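These notes are about the structure you will find just below.
None of these values were measured; they are calculated from a predicted model. Proteins come first, then strands; the chains are lettered A, B, ... in the order of their sequence lines, and each starts at number 1. All values below come from the heavy atoms of this structure, side chains included, with hydrogens, waters and symmetry mates left out.
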Protein chains: 2
Amino acid sequence: MSTPATASPPTDARAEEHEALRVWLRLLTCTNLVEAQLRTRLRTSFESTLPRFDLMAQLDRHPEGLKMSELSRLLMVTGGNVTGLTDKLAEEGLVERRDDPRDRRSFTVMLTPEGKRQFGAMAHEHEQWVVGLFAGLDHAEKRQMLKLLDRLKVHLSTISD
Amino acid sequence: MSTPATASPPTDARAEEHEALRVWLRLLTCTNLVEAQLRTRLRTSFESTLPRFDLMAQLDRHPEGLKMSELSRLLMVTGGNVTGLTDKLAEEGLVERRDDPRDRRSFTVMLTPEGKRQFGAMAHEHEQWVVGLFAGLDHAEKRQMLKLLDRLKVHLSTISD
DNA sequence: TCGAATTTATTCATGAGTAAAGTATTTTCA
DNA sequence: TGAAAATACTTTACTCATGAATAAATTCGA
């Protein structure tokens with residue numbers, strides 16, 4: 001009610017704060033809803049999970065294979081995590097650890113033929129799911145959203161160092 | 001380059017798919033970056049975590065207390081998860097389980113005075129952090145983002161049932 | 001070339017999430 | 001009334017993530 005006598009901010013700082021918070025909560029809600037859908041569908045359709053899908057996606061994109069450290073960096077998760085995921089995928093015969101002749105500390109991980117086949121099927125479905133989940137936005141809106149998210153991402157990158 | 005001779009879709013379906021996927025990946029990246037920042041700051045500044053903060057935020061918003069099932073619904077996590085979080089917060093004297101005289105199966109969970117005090121301090125800082133993290137968008141852009149996310153959320157709700 | 005520092009991957013402890021099964025208490029209704 | 005269904009929460013077993021500690025191989029500098 002009482003406008004402070006101090007001249008400084010042109011906009012109501014409290015309202016601004018509230019707005020940032022509202023955007024953040026919506027962002028979080030939408031992400032969680034989409035993720036939940038993808039997780040559920042991946043599980044019911046393929047008996048798989050998002051982390052496994054993401055790991056296989058990276059291997060699919062790099063047919064020459066990747067080192068554990070590279071997977072860790074690309075997936076933005078810790079090495080221990082990659083070890084566990086890779087162990088299970090290897091048990092199931094979907095990926096393969098192949099010795100690196102140049103460096104006995106490391107090896108390259110790659111999809112097996114069966115892994116390739118299975119990932120191909122999942123990726124195709126996955127893309128259709130995402131299209132459906134974002135069908136609430138038309139072409140222009142998706143472009144707008146992309147632009148705004150890009151700006152946000154750039155700003156966030158300046159913060160994270 | 002080559003426009004298909006088929007008359008039907010006004011836009012290239014393959015490009016559309018790619019666009020939905022791009023929006024989704026940006027959305028995910030931004031959410032993860034913001035979450036990582038908030039997690040880190042909550043831990044270093046308050047020795048706490050996001051799930052704990054979220055649970056306490058719901059209790060702060062509902063001073064009359066909430067049932068476990070209500071917390072589960074509001075936080076969009078399973079009951080077992082809420083049990084674990086509540087157990088720890090109760091051990092630390094930040095929340096309290098109070099018997100419901102009307103239904104001995106359930107009880108209401110509420111913040112203790114110490115919990116209120118501690119949450120108040122965290123919430124204040126948290127809001128400043130969010131404002132800073134979203135400072136890459138100006139007022140109009142935040143409003144635009146909010147509008148787009150609302151549309152998306154509505155669409156997603158029709159899917160989840 | 002030897003030893004120190006770095007890199008690569010694994011293991012372990014911990015925290016947070018899920019699904020499914022279990023327990024206890026109410027509610028419903030034939 | 002009392003057996004079946006529904007509800008509220010916990011427990012258990014599992015997945016996935018982190019960070020710290022470890023082990024092994026490589027690299028680099030003196």
Taking distance alone, no hydrogens or angles, what donor-acceptor pairs closer than 3.5 Å link side-chain atoms of residues 57-70 of chain B to residues at least two apart or in another chain?
residue : atom : partner : partner atom : Å
B/Glu70 : OE1  : B/Lys67 : N            : 2.9

Nearest-nucleotide pick for [X], side chain only, options being [options]:
X	options	value
A/Thr83	C/dA9, C/dT25, C/dA16	C/dA9
B/Arg105	C/dA24, C/dA19, C/dA16	C/dA24
B/Arg52	C/dA16, C/dA9, D/dA8	C/dA16
B/Asn81	D/dA17, C/dA9, C/dG17	C/dG17

Spatial distance of atom SG (A/Cys30) from atom CG (B/Leu28) [nearest 0.5 Å]: 12.5 Å

Distance in Å, B/Leu146 CG paired with A/Arg26 CZ, rounded so as to fall on 0.5 Å steps: 5.0 Å

Residues within residues 62-71 of chain A bordering DNA chain C, heavy-atom distance below 4.0 Å: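 Those residues whose heavy atoms fall under 4.0 Å from DNA chain C, taken from residues 62-71 of chain A in numerical order, are A/Lys67, A/Met68, A/Ser69.
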
Does [N] have OP1 or OP2 under 4.0 Å away from a side-chain N or O of [X]?
X	N	answer
B/Arg104	C/dT26	yes
B/Arg102	D/dA8	no
B/Ser106	D/dT7	no

Test item: A/Lys142 side-chain N/O and A/Leu137 main-chain N/O as donor-acceptor pair under 3.5 Å: yes

B/Glu114/B/Arg117 ion pair, N-O < 4.0 Å: yes

Sugar-phosphate, base or nothing in reach of A/Thr78, heavy atoms under 4.0 Å: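 Base, at least one base heavy atom under 4.0 Å.
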
Sugar-phosphate only, base, or nothing, as touched by A/Leu50 at under 4.0 Å among non-hydrogen atoms: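 Since no nucleic acid heavy atom lies under 4.0 Å of A/Leu50, the category is nothing.
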
